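What follows is a single structure, written as structure tokens, with notes after it.
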Amino acid sequence: METIVRRLRPLLSNLRLRRIEPLWPRTLIGDPEQVNAVASGRRIHDVFRRGKYICIDLDGPRITVHLRMSGRLVFDPRPESQPHIRARIHFMESRCLVLVDPRKFARIRMWRAQEAFLPRLGPEPLRPETVRRALDGLATCRAVKTALLDQHVLAGIGNIYADEALFRARIHPRIPARELTIGQRSRLSAAVPQVLNAAIRRKGTTLNDYRDPDQRPGTFQQELKVYGRTGQPCFTCGTPLVRIVVGQRGTHFCPKCQKA
DNA sequence: CCTTAGTCCTGCATGC
DNA sequence: TGCATGCAGGACTAAG
């Protein structure tokens, strides 16, 4: 999302919104007529990211886009276009931002200025001190991996990056969050921002669907140590990596480096 | 409040 | 080859 926002910001700044056109009804939350009545004609003055939400601030209201797993944004697509277009955001300047999403999970939402923007999200996990504070605030017996994925605890960590951070911190994903030792907390606090910032430098992780608004893939998949490597040897110790389910999520780890 | 399970969806991998 | 089946997954909601 960070990579997408960085690409999107210069493309969208100062454009004036004409209309949001949902093609799959559930993609746009709320009544399209009302949404457009509020948002139409307004100028974009900021584009940024909060957690996994892309935020587009107009003069007053805010548009958020959540791409979930398979969503993509395409700016000014060629006329021949592509399948799975779920919504189009049209601008007065004859430009267009298209949401493509095979699985139909992505959502666009308009927020009025006076209402609280976004769900209650935890802090951004890009600095060790922030992550450390969040981990120390956890009194939960849930698995540490489940806590990392909880957007109320920290906002923006997805399944891939949770597995990668836990591997780098040498922590078993099922350890109850409140039972983490001081050493484990320190290692995880360092590992989470390390993984996320490295992925941002590599412009994201492209496994199947992910592309930036210019349709360029990321390259962080080359740096993955455990995610999607079930049965392959651990880069540290050679032990075959294991896949389990934690909090209904596929979870990849090294049974030797990440002891229970 | 805390936690878990179910829901939404389709493309792709797998197996017969 | 063709078909059926099962699985993945982020956030929300309902239920325990």
Side-chain angles (χ1 to χ4, degrees), chain A residues 1-5 22-30 49-55 62-73 82-87 98-111 115-125 134-135 137-166 173-179 192 195-196 199 204-211 217-218 220-221 224 226-232 241-253:
Chain A
M1 292 316 126
E2 182 61 32
T3 301
I4 291 171
V5 161
L23 302 177
W24 174 253
R26 303 180 60 141
T27 300
L28 178 61
I29 295 171
R49 177 194 61 77
R50 176 78 178 93
K52 300 175 197 169
Y53 291 82
I54 295 165
C55 301
R62 172 180 293 174
I63 308 286
T64 58
V65 180
H66 197 305
L67 296 176
R68 299 289 234 281
M69 287 83 64
S70 59
R72 276 191 213 183
L73 290 173
Q82 38 202 310
H84 311 309
I85 296 179
R86 304 308 179 196
V98 169
L99 172 61
V100 175
D101 181 27
R103 280 184 244 186
K104 301 180 172 174
F105 277 12
R107 294 289 180 265
I108 298 174
R109 182 164 174 180
M110 197 267 304
W111 309 73
E115 61 188 330
F117 287 138
L118 301 168
R120 285 150 206 63
L121 295 174
E124 295 289 325
L135 292 179
L138 287 175
T140 181
C141 61
R142 299 154 92 194
V144 57
K145 163 149 179 182
T146 307
L148 286 181
L149 290 176
D150 185 340
Q151 304 296 299
H152 305 279
V153 175
L154 289 162
I157 303 173
N159 201 37
I160 297 172
Y161 300 126
D163 283 1
E164 292 297 313
L166 287 167
R174 277 209 178 115
I175 293 177
R178 65 178 174 205
E179 291 175 19
V192 167
V195 165
L196 292 174
T205 305
T206 298
L207 294 179
N208 304 301
D209 304 299
Y210 170 75
R211 295 290 188 284
F220 191 71
Q221 63 275 11
L224 298 179
V226 288
Y227 189 88
R229 296 194 63 244
T230 311
Q232 293 174 241
L241 300 177
V242 167
R243 183 186 178 281
I244 59 175
V245 175
V246 179
Q248 1 253 75
R249 294 299 146 87
T251 298
H252 312 73
F253 74 108

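Each chain gets a letter, A, B and so on, in the order its sequence line appears, and its residues count up from 1. Since the model is a prediction, treat every value here as computed from it, not as a measurement.
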Protein and nucleotides 8-10 of chain B: nitrogen or oxygen contacts under 3.5 angstrom:
residue, atom, partner, partner atom, Å
dC9(B), OP1, Arg26(A), NE, 3.2
dT10(B), OP1, Lys104(A), NZ, 2.5

Taking only nitrogen or oxygen atoms into account, show me every contact under 3.5 Å that the protein makes with nucleotides 1-5 of chain B, one pair per line with its distance.
residue, atom, partner, partner atom, Å
dT3(B), OP1, Thr140(A), OG1, 2.6
dT3(B), OP2, Thr140(A), OG1, 3.2
dA5(B), OP2, Gln248(A), OE1, 3.2

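- Base pairing annotation: dT1(C) forms no Watson-Crick or G-U wobble pair, as no partner gives both donor-acceptor distances under 3.5 Å.
- Under the 30°/60° scheme for interplanar angles, the aromatic rings of Tyr53(A) and His66(A) are found to stand perpendicular.
- Inspection of the Asp163(A) and His252(A) side chains reveals an N or O donor paired with an N or O acceptor under 3.5 Å.
- The two residues Pro173(A) and Ile244(A) make their nearest non-hydrogen contact at CG-CD1, 4.5 Å.
- Pro123(A) is listed as a side-chain neighbour of Leu154(A), based on a closest heavy-atom distance under 4.5 Å.
- The cationic group of Arg26(A) does not satisfy the cation-pi geometry with Trp24(A), failing either the under 6.0 Å distance to the six-membered ring centre or the 45° limit from the ring axis.
- Thr146(A) places none of its side-chain heavy atoms less than 4.5 Å from the side chain of Thr140(A).
- Taking a heavy-atom distance under 4.0 Å as the criterion, the stretch of DNA chain C touched by chain A extends 5' to 3' from dA8(C) to dC12(C).
- Taking every heavy atom of both residues into account, Arg229(A) and Leu224(A) meet most closely at CD-O, 3.8 Å.
- For the residue pair Val153(A) and Ala134(A), the shortest heavy atom distance occurs at O-CB, 3.9 Å.
- Contact annotation for Tyr227(A): backbone-only contact, meaning every heavy-atom pair under 4.0 Å involves sugar-phosphate atoms and none involves a base.
- Side-chain N/O atoms of Lys145(A) and Thr251(A) include a donor and acceptor closer than 3.5 Å.
- One finds a salt bridge joining Arg142(A) and Asp150(A) here, because a Lys/Arg side-chain nitrogen approaches an Asp/Glu carboxylate oxygen to under 4.0 Å.
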